[in-house]
Amino acid sequence: MKTLLLKNASVILPSHQAGDLSVLIENGKIIEVSSKDKKLKADEEIDISDTTLFAGFIDLHIHGAVGVDTNAADADGLHKVARFLARNGVTAWLPTLVPDSEENYLRAIEAIDELMTTQHEREPAAQVLGVHYEGPFVNQAQCGALRPEFFKTFARGDELKTLPRLKNRNAAHLITLAPEIEGGVELVGELVKQGWIVSIGHTRATVDVLERAREAGAQHLTHFMNAMSPLHHRAPGPIGWGLINDDVTCDVIADGVHVDPLMLKLLLRAKSPARVSLISDAVAPAGLGDGEYKIWGETISVINGRTSNERGSIAGSVITMRDAVRLMLSLGVAAEDVARMAASNPARLLDIAQDYGSIEAGKRADLTALDDEGNVRLTLVGGRIAFNGL
């Protein structure tokens, strides 16, 4: 099997950053990380001096990019998104579906299944790990850009039949829900029993309901501070509850629009980087620039990088994980902490940290090298070069 050596690397290791290292890769895995003084040999060598090597970014929440919407895409369209993501340092992702008809859900899941089956045979790109359903079991009063006509409750107890699952036995199934809907806490328990990862979002749940949902197995919050009732000193709600509970993790859209940079600093001080994941929440116009775009049956405007739907709500973002990483670094967050938020924390949430999310011997060679300005210079997915801008 052909070996690859990344030389002269400044590497973000799990606990610190170290320079002048070499990373030896074979059969899609990291074989060794060692000082350059140890003369490693490989079939191919790449000098990545003047860059910093991160574990490949994992995007838990993305609706599309380069004109492709995950709700409407076929497998080739999803692979187009995956290629774009690899150019931006993302090595794994969860196509994220907004509430839709049962027919469209089924078609979207079939497309994801097809790509998961064929992605290893295609041109190297960010790997699909599963699916993220954002809804439909959410609160209409916190709909954000989602379409309330497709929202559901768990009143009957059989509504999960309308959510098709992926056939791939290793696929992750993540769902965002509001536990205060009718039957919501019971829904959390049923989902956990069926192997879903449950996150709380688009919610106005009280602390009492949130506690019951946590006991049922929901311990994560989706795009924290967005699409949830605001923090109030007499009604702490999801934000206060999330900030105070150390066993509750969250993800955040670090684009400087959804959450003010000062609030991002407050979040990290309260939760610590160990409990926060970065997401893009990107929509189909990501990568296309400003303009007007038709998504989810309405017109989405993008002006100066800010999205807005016809109701005036922010409608996702047009950033990539690279942009989120760059913003967090600009706020003075240590590179090893940013790496946790962009890779190891998402991997831990998906229960794949044994193979993904950090640069260590034995793990997948999913890697991205950034220059001093935060530009992606090299992306490896399973040891294969998915982007080379060196």
Side-chain angles (χ1 to χ4, degrees), residues 60-61 96 98-99 132-148 151-155 174-189 191-192 196-279 281 311-317 341 345 349:
L60 300 167
H61 190 145
T96 304
V98 297
H132 178 179
Y133 280 98
E134 187 178 11
F137 303 102
V138 290
N139 191 324
Q140 294 207 18
Q142 293 290 168
C143 66
L146 306 184
R147 296 173 290 181
F151 288 7
K152 297 179 183 295
T153 69
F154 198 60
L174 172 65
I175 187 168
T176 294
L177 58 77
E180 72 273 21
I181 65 165
E182 187 174 1
V185 173
E186 293 75 18
L187 172 61
V188 172
L191 285 163
V192 170
W196 292 71
I197 302 162
V198 179
S199 183
I200 296 171
H202 291 273
T203 178
R204 289 191 175 185
T206 63
V207 168
D208 175 65
V209 172
L210 291 163
E211 281 295 318
R212 290 168 52 210
R214 178 171 63 164
E215 291 171 1
Q219 294 185 312
H220 189 76
L221 289 155
T222 293
H223 45 50
F224 192 55
M225 301 187 191
N226 293 118
M228 55 184 63
S229 50
L231 179 65
H232 189 277
H233 57 283
R234 286 191 295 274
I239 296 176
W241 179 80
L243 289 174
I244 203 69
N245 283 293
D246 287 345
D247 60 343
V248 174
T249 58
C250 65
D251 55 59
V252 65
I253 309 167
D255 61 354
V257 174
H258 282 79
V259 181
D260 186 275
L262 183 64
M263 296 302 292
L264 291 173
K265 290 182 178 181
L266 173 63
L267 173 61
L268 293 185
R269 182 171 295 185
K271 296 297 291 178
S272 87
R275 301 180 183 93
V276 179
S277 294
L278 300 178
I279 59 171
D281 198 7
R311 303 186 299 278
S313 297
I314 300 176
S317 85
M341 294 188 284
N345 292 348
L349 180 68

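Values below: every heavy atom of this structure, side chains too, minus hydrogens, waters and symmetry copies.
- Rounding to the nearest 0.5 Å gives a distance of 6.0 Å between CD1 of I239 and CE of M225.
- Using a cutoff of 4.0 Å between basic side-chain nitrogens and carboxylate oxygens, R214 and E211 are scored as salt-bridged.
- Residues T203 and P179 approach most closely at OG1-CD, 3.9 Å, considering heavy atoms.
- With a 4.5 Å cut-off on side-chain heavy atoms, V188 and E215 do not count as touching.
- The backbone N or O of L60 lies less than 3.5 Å from a partner atom in the side chain of H132, making a donor-acceptor pair.
- A pairwise comparison of heavy atoms in V257 and D255 identifies N-OD1, 2.9 Å as the closest pair.
- Side-chain N or O atoms of R311 include one that pairs as donor or acceptor with a backbone N or O of G144 at under 3.5 Å.
- Here CG of L146 is found 4.5 Å from CZ of F151. Values are rounded to the nearest 0.5 Å.
- The two residues V198 and L191 come nearest to each other via the heavy atoms CG2-CB, 3.7 Å.
- Across H220 and C250, no two heavy atoms sit closer than the pair CE1-C, 3.3 Å.
- Around CZ of R269, the count of heavy atoms belonging to other residues, nucleotides or ligands within 6.0 Å does not exceed 12.
- Taking CZ of R275 as the start and CG of N345 as the end, the distance is 10.0 Å to the nearest 0.5 Å.
- Centroid-to-centroid, the aromatic rings of H258 and H223 stay 6.0 Å apart or farther.
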Test T222 against H202 for side chain to side chain donor-acceptor pair (under 3.5 Å), laying out the working first.
CA-CA 8 Å; T222 293; H202 291 273; over 6 Å; no
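- Nearest approach of A145 to I314, heavy atoms of both residues: CB-O, 3.9 Å.
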Run L278 and V252 through side-chain contact (heavy atoms from CB on, under 4.5 Å) and show every step you take.
CA-CA 5 Å; L278 300 178; V252 65; 4.0 Å; yes
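- Smallest separation of non-hydrogen atoms from L243 and L267: CD2-CD1, 4.0 Å.
- Atoms CG and CG, from L221 and N226 in turn, are 12.0 Å apart once rounded to the nearest 0.5 Å.
- A donor-acceptor contact shorter than 3.5 Å is absent between the side chain of K152 and the backbone of P99.
- Other residues, nucleotides and ligands contribute more than 12 heavy atoms inside 6.0 Å of the CG atom of L266.
- Note: I279 CD1 to T96 OG1 = 8.0 Å, rounded to the nearest 0.5 Å.
- With rounding to the nearest 0.5 angstrom, the CH2 atom of W241 is 11.5 Å from the CG atom of D208.
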Side chains of residues 136-143: which donor-acceptor partners sit under 3.5 Å, not counting sequence neighbours?
from : atom 1 : to   : atom 2 : distance (Å)
N139 : OD1    : A141 : N      : 2.8
N139 : ND2    : E180 : OE2    : 2.8
Q142 : OE1    : R204 : NE     : 2.8

Derivation and outcome, side-chain contact (heavy atoms from CB on, under 4.5 Å), residues Q219 and T249
CA-CA 6 Å; Q219 294 185 312; T249 58; 5.8 Å; no
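- The aromatic rings of Y133 and W196 are tilted relative to each other, their planes meeting at an angle between 30° and 60°.
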